[in-house]
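First the proteins, then the strands, lettered A, B, ... as listed; each starts at 1. In this text the structure is predicted, and so the values were computed from the model without any measurement.
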Number of protein chains: 2
Amino acid sequence: MRRPTITDIAERVGVSKGAVSFALNGRPGVGEATRARILQVAKEMNWRPHSAARALGGARAEAVGLVIARPASALGVEPFFAQLLSGLQAGLSAQSVALQLLIVEDAEAEMEIYRDWTSAHRVDGFVMVDLMVRDPRIAVLEELGVPAVVLGGPGKHGTLSSVWADDREAMLSIVDYLAALGHRRIAHVAGLPAFRHTQRRTRALRDRAARLALEEAVSVHTDFSDSEGAAATRALLSRPHRPTAIVYDSDVMALAGLGVAGEMGVKVPDEVSIVAFDDSVLTRIAHPAITALSRDTFAFGKRLAEVMLAVVADPEQRRDVKTETPRLTVRESTAPPAAWPGDQNG
Amino acid sequence: MRRPTITDIAERVGVSKGAVSFALNGRPGVGEATRARILQVAKEMNWRPHSAARALGGARAEAVGLVIARPASALGVEPFFAQLLSGLQAGLSAQSVALQLLIVEDAEAEMEIYRDWTSAHRVDGFVMVDLMVRDPRIAVLEELGVPAVVLGGPGKHGTLSSVWADDREAMLSIVDYLAALGHRRIAHVAGLPAFRHTQRRTRALRDRAARLALEEAVSVHTDFSDSEGAAATRALLSRPHRPTAIVYDSDVMALAGLGVAGEMGVKVPDEVSIVAFDDSVLTRIAHPAITALSRDTFAFGKRLAEVMLAVVADPEQRRDVKTETPRLTVRESTAPPAAWPGDQNG
DNA sequence: CTTGGTTACTAAATCGCTCTAGTTGCGGGA
DNA sequence: TCCCGCAACTAGAGCGATTTAGTAACCAAG
């Protein structure tokens, strides 16, 4: 048999569709006895709402969109991202809101989807990730007037709500720690320069290095892949005057860097200290275990979901949530720098 | 201004809604000149289809569902899963089909969602993962008559289509290789016993061990987590007569096992060889690099997407796709077993 | 006994699009 | 000249729900 509709229920109970609708949605307009009868019949007939029909009437889609402009193959590699997705999912599941996930080629395509899904009422809002410097997506989302939460900040996300952790403070804490250990030549294997957070981290390093009068503080950019992370490490360790500490913008790159150090016979942490900006199983499992900035990425995703749901519920109010600044978990990959032959002259 | 509808376009062009619908969907019923004019106005007004309205008429939802019954926190840890998701996404993106992702508590909830989404025309089909022994979800999907593709096989997925790799053959190739190296005591750190693939692997090991008359071939079950993988390894390596080779059902567990070996002072591969059933960055990056069964998980996900789309396009025809059997990539974690004091007596 | 207010309900419009049945106009064959 | 057939297009029903305006029944107060 065909899937039952409220009309079927109405016929069977002997009331109008309207009454059935009221009863099923728990709103006034039907007597208790009738309501109970309707609910029972609905259950008997195994009725379920047809979300498309509801959406047509302007109701919630019970889904939020996440559109990512990255090569899809990159998604699987990043524990951070995977964890974030899990947390996001968990937060949304709590209210049975689904996640519409789509990977696209570039930001253009991403904005196109924003328009599409918004006008199709396919989602109730969007989560925007990978905030870039002068991000064109902000304007699109603002113009569409659709609920949206930006992952990243502070600032630079227009009138949209946001959830963020302080990348600047986090980087400062790393630099301070390394400086306290005695490091004076620090390298930073960063991600894509177009990302806001890459920029903030790079700047934080530069600023603090200047203030502490460090000898060297260089940031090199990569595409976040393990291969570029390895290549960057190789280049850094091949310098005549090599850095005594390297900070990696992701755990995958840190692990790759650790591998390169091993391959080049550079001892960790004796000859070079390694710090990862993200924490995950990878850093814990590595040998030596890698000192990393820990944050509960899963919880972060969950928070993101909560803010998203709040914004959907009340689009007027803008939210700007700063989450706990990640804290350094010291493991085996960091130590005071060994005296370096070149230093004896200085 | 409000989002334009086909009625707006019809008014502006001076034709009926029907004509506009025909024109926009590229079907006969309008002249070339009119069609062109309609398309142009639609573009000018920035019109976009309202998928809910279409779905109401019985059209495609342009989305497929993936419901996973696992603790959400587990999702992020598995590179295999993340990679699969990426590939799936990539395959679907090719036809602009989105992925509706939902994490639920248990199989009960999962089946409930199948019913929900099916009757709400929210998705065009489902991808089912984590095939279990006597899986109740199969019957539900069959009864609903919704297009579905099961990840796992061969067999035991009723009338549903499936995509799978031969876990049995894969395990046999590992055992053969280890036996050829001279190993006669092999342990297997497996996943959840409820999973079909865990069962198949365990059986394959047992069968081949019997045929090769190996001294020992034991499988221990875990929940796939790194901590249980580590615990299992610790137990195995603490035995008086320890195995000379350990096969792990996932790369995360293999890496954890490698860590435990290091911590216990058991040399890899000299004293124990390690093989991972899944390959990823993790195994390549580890030191020593881990010998693993490589398969292109991303491509696997993509294939899954293709089959899904094919099944949606023609639900009558059932598909059963066997993908390439994963092949062993030998790295540094496997070697012939060292002579073990206990063996001298035998 | 009427009036006013409340409750319980019905009828029908509405959302945006698709699709079928019907209408119009035009050219060509008998 | 008349009618047929076809292409081009229109009108409107229908998809499954929500929601508004309206109605009937009933009770209480005057």
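The side-chain contact (heavy atoms from CB on, under 4.5 Å) test with B:Leu66 singles out one residue from B:Leu304, B:Leu84, B:Val123, B:Leu88, and that residue is B:Leu88.
The side-chain heavy atoms of A:Phe300 and A:Val163, taken from C-beta on, include a pair separated by under 4.5 Å. Within the 4.5 Å cutoff, the side chain of A:Val20 has no heavy atoms near those of the A:Val13 side chain. Under the 4.5 Å side-chain criterion, counting only non-hydrogen atoms from C-beta, A:Trp164 is in contact with A:Asp320.
Phosphate contact (OP1/OP2 of C:dC19, side-chain N/O of B:Arg27, threshold under 4.0 Å): present. When the side-chain nitrogen and oxygen atoms of A:Ser51 are compared with OP1 and OP2 of D:dA17, none of them lie within a distance under 4.0 Å.
Between the two ends of the helix from C:dC1-D:dG30 to C:dA30-D:dT1, each summarised by a five-pair axis, the helix axis turns through 70° (rounded to 10 degrees).
Residue contacts for B:Val20: at a heavy-atom cut-off of 4.0 Å it reaches no nucleic acid atom on any strand shown.
In this structure, A:Ser51 and B:Arg122 approach most closely via the heavy-atom pair OG-CD, 4.2 Å. B:Val41 and B:Arg12 get closest at one heavy-atom pair: CG1-CG, 3.9 Å.
Looking at which nucleotide of DNA chain C each of B:Ala59 and A:Gly29 is closest to, the 5′-most match is held by A:Gly29.
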Next on the checklist: Working note: A:Gln100 + B:Leu99, criterion side chain to side chain contact (heavy atoms under 4.5 Å, CB included); need CA distance, chi angles, decisive distance, verdict.
Outcome noted: CA-CA 6 Å; A:Gln100 281 259 6; B:Leu99 186 69; over 6 Å; no

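In this structure, CD of A:Glu11 is placed 15 Å from C1' of C:dT10, rounded to the nearest angstrom. Rounded to whole Å, the distance from CZ on B:Arg122 to P on D:dA17 is 15 Å. To the nearest angstrom, C1' of D:dT18 lies 15 Å from CZ of A:Arg60. A:Ile38 places its CD1 atom 14 Å from the C1' atom of D:dA17, with the value rounded to the nearest Å. Distance A:Asn25 CG to D:dT19 C1': 11 Å, rounded to the nearest Å.
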For residues 135-154 of chain A, tabulate all N or O donor-acceptor pairs below 3.5 Å that involve a side-chain atom, not counting sequence neighbours.
unit_1	atom_1	unit_2	atom_2	d
A:Asp135	OD1	A:Arg137	N	3.0
A:Asp135	OD1	A:Arg137	NE	2.8
A:Asp135	OD2	A:Met132	N	2.8
A:Asp135	OD2	A:Arg137	NE	3.3
A:Asp135	OD2	A:Arg137	NH2	2.6
A:Arg137	NH1	A:Glu110	OE1	3.2
A:Arg137	NH1	A:Glu110	OE2	2.7
A:Arg137	NH1	A:Val129	O	3.1
A:Arg137	NH2	A:Val129	O	3.0
A:Arg137	NH2	A:Asp130	O	2.8
A:Glu142	OE2	A:Thr159	N	2.6
A:Glu142	OE2	A:Thr159	OG1	3.0

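Aromatic ring orientation, A:Phe126 versus A:Trp117: parallel (interplanar angle below 30°, classes split at 30° and 60°).
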Table of protein N/O atoms under 3.5 Å from nucleotides 11-16 of chain C N/O atoms:
unit_1	atom_1	unit_2	atom_2	d
C:dG16	N2	B:Ala53	O	3.2

